[in-house]
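Treat the numbers as computed from the prediction; the structure is a model and nothing was measured. FYI, side chains are in, hydrogens and waters are out, and symmetry mates aren't considered; it's all heavy atoms of this structure.
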Amino acid sequence: FEKCMEIYLSIGDEFGIAHTNDNLSYLKTLQGDLSEKNLQNFLSSKEYYESSDMKKFVAENCMYIGFYYLKKNDLQNALKYYLEGYEKSKDLNHILLLKNISIAISDIYTDINNYEQAYKYYVEYKTYSDSLFNSTEIEKATQLEMQFKFDKITEIQRIETENKLLLLEKERKIQQIRLISTIIGI
């Protein structure tokens, strides 16, 4: 990522810089870097995404900032950013982000003893998980159905081609017999 950042900086690619900042900061957060500089990288990326009206990236960035604050054990700020990411993801109907953010929100509400909200977001998490599972299963079923239809069409075409060849061969033999009959009959 750091090599990518050098390239994006050298060519002035603002999106590349913002997105790489997000990825680097997320990795650093995973490694335990809870510095103010790391947070500022997230926030500068968020500012760029918002100014460019990149809603999906804003939602994802909010999830990353929520995770950063969660690692710092700052549950109020974590909840604030997760909820913002949740709302933006809901506007986009981005099921994967909604699933990931819902479980994080549920866990935070559990930690602060707000079990009613924890349950609400856990139900949301399960709904989105099931939705993702169902869409994956539907996609697999559709793919199998399409493969079956393709195989069936291919087999029909193969049989039709064989029948045409057999018919042509039969007609050739009839023509040959007629020709021989005509030659012998002369």
Flag side-chain contact, heavy atom, 4.5 Å: Y81 against N61:
no

Does S106 use its side chain to pair, donor to acceptor, with the backbone of S102 at less than 3.5 Å?
no

Salt bridge between K90 and E87, side-chain N to carboxylate O under 4.0 Å?
no

So, using salt bridge (charged side-chain N to carboxylate O under 4.0 Å, His left out) as the criterion, who are the partners of E50 when residues are at least two apart?
K46

Measuring from atom CG of N77 to atom CD1 of I65, what distance do you get when rounded to the nearest 0.5 angstrom?
10.0 Å

State, yes or no, whether a side-chain contact exists between L167 and K164 at a heavy-atom distance under 4.5 Å.
no

Sole residue of I184, L179, I183, I177 in side chain to side chain contact (heavy atoms under 4.5 Å, CB included) with S181:
I177

Taking only residues two or more places apart in sequence, or in another chain, which ones meet K71 in a salt bridge (charged side-chain N to carboxylate O under 4.0 Å, His left out)?
none

How far does CG of D22 sit from CG of L27, to the nearest 0.5 angstrom?
10.5 Å

Does one hydrophobic cluster hold both I174 and L168, with members joined at side-chain heavy-atom distances below 4.5 Å?
no

Q175-E171 side chain donor-acceptor pair, cut-off 3.5 Å:
no

I'd like to check the side-chain hydrogen bond (donor to acceptor under 3.5 Å, both in side chains) partners of Q176; sequence neighbours left out, ordered by chain and number.
none

Within a strict 4.5 Å, meaning less than it, do heavy atoms of the D53 and K55 side chains meet?
yes

Minimum side-chain heavy-atom gap Y68-D74 below 4.5 Å:
no

May I ask you to decide if S25's main-chain N or O and N41's side chain share a donor-acceptor pair within less than 3.5 Å?
no

Take a 6.0 Å sphere around CD of Q40 and say whether it holds more than 12 heavy atoms from other residues, nucleotides or ligands.
yes

Is the F42 ring parallel, tilted or perpendicular to the Y64 ring (thresholds 30°, 60°)?
tilted

Just checking E116: does its CD atom have more than 12 heavy atoms from other residues, nucleotides or ligands closer to it than 6.0 angstrom?
no

Closest non-hydrogen atom pair, T29 against N38
OG1-ND2, 3.0 Å

H19 and E60: CA distance, side-chain angles, deciding distance, side-chain contact (heavy atoms from CB on, under 4.5 Å) verdict:
CA-CA 10 Å; H19 196 60; E60 193 174 73; 4.1 Å; yes

Hphob cluster co-occupancy, L83 + V58, side-chain heavy atoms under 4.5 angstrom:
no

Test item: K88 and L97 side chains (from C-beta on) under 4.5 Å apart, heavy atoms
no

Roughly how far apart are K56 NZ and L96 CG, rounded to 0.5 Å?
9.0 Å

Side chains of N113 and Y115, donor plus acceptor under 3.5 Å
yes

CD/E84 to CD1/I101 distance, rounded to the nearest 0.5 angstrom?
10.0 Å

Nearest heavy-atom approach of A18 to S45 is O-OG, 2.8 Å

Enter the distance from I105:CD1 to T110:OG1 here, rounded to the nearest 0.5 Å.
11.5 Å

Consider only side-chain N and O atoms of E124 and Y86, and report whether a donor and an acceptor are under 3.5 Å apart.
yes

If hydrophobic clusters are built by linking Ile, Leu, Val, Met, Phe, Trp and Tyr wherever their side-chain heavy atoms come under 4.5 Å apart, do Y69 and L24 end up in the same one?
yes

For R158 and E155: C-alpha separation, side-chain torsions, deciding distance, then whether side-chain contact (heavy atoms from CB on, under 4.5 Å) applies.
CA-CA 5 Å; R158 185 188 64 74; E155 182 64 17; 2.3 Å; yes

Do F67 and Y49 sit in one hydrophobic cluster, given that two such residues count as connected whenever their side-chain heavy atoms are within less than 4.5 Å of each other, even indirectly?
no

Set of side-chain contact (heavy atoms from CB on, under 4.5 Å) partners for D13, sequence neighbours left out:
Y8, I11, F15

So, are E169 and R172 salt-bridged, with charged N and O less than 4.0 Å apart?
yes

Taking C-beta and beyond as the side chain, do E160 and I156 meet within less than 4.5 Å on heavy atoms?
yes

Where do A59 and S89 come nearest, in terms of heavy atoms and distance?
CB-OG, 3.4 Å

Minimum-distance pair of heavy atoms, taken over all atoms of L75 and I108
O-CG2, 4.0 Å

List in chain and number order the residues that pass ring pair (Phe, Tyr, Trp, His ring centres under 6.0 Å) with Y119, two or more places apart in sequence or in another chain; answer none if no residue qualifies.
none

Take M63 and Y82 through the side-chain contact (heavy atoms from CB on, under 4.5 Å) test and state the conclusion after the steps.
CA-CA 5 Å; M63 181 177 68; Y82 276 126; 3.8 Å; yes

Is I103 isolated, or which residues cluster with it under the ILVMFWY side-chain rule of less than 4.5 Å, directly or via members?
Y122, Y125

One pair to check against side-chain contact (heavy atoms from CB on, under 4.5 Å): M5 and N21. What are the steps and the verdict?
CA-CA 8 Å; M5 182 61 86; N21 250 344; 3.4 Å; yes

Enter the distance from D111:CG to L79:CG here, rounded to the nearest 0.5 Å.
10.5 Å

Out of curiosity, does F57 fall in the hydrophobic cluster containing L98 (side-chain heavy atoms, cut-off under 4.5 Å, transitive links)?
no

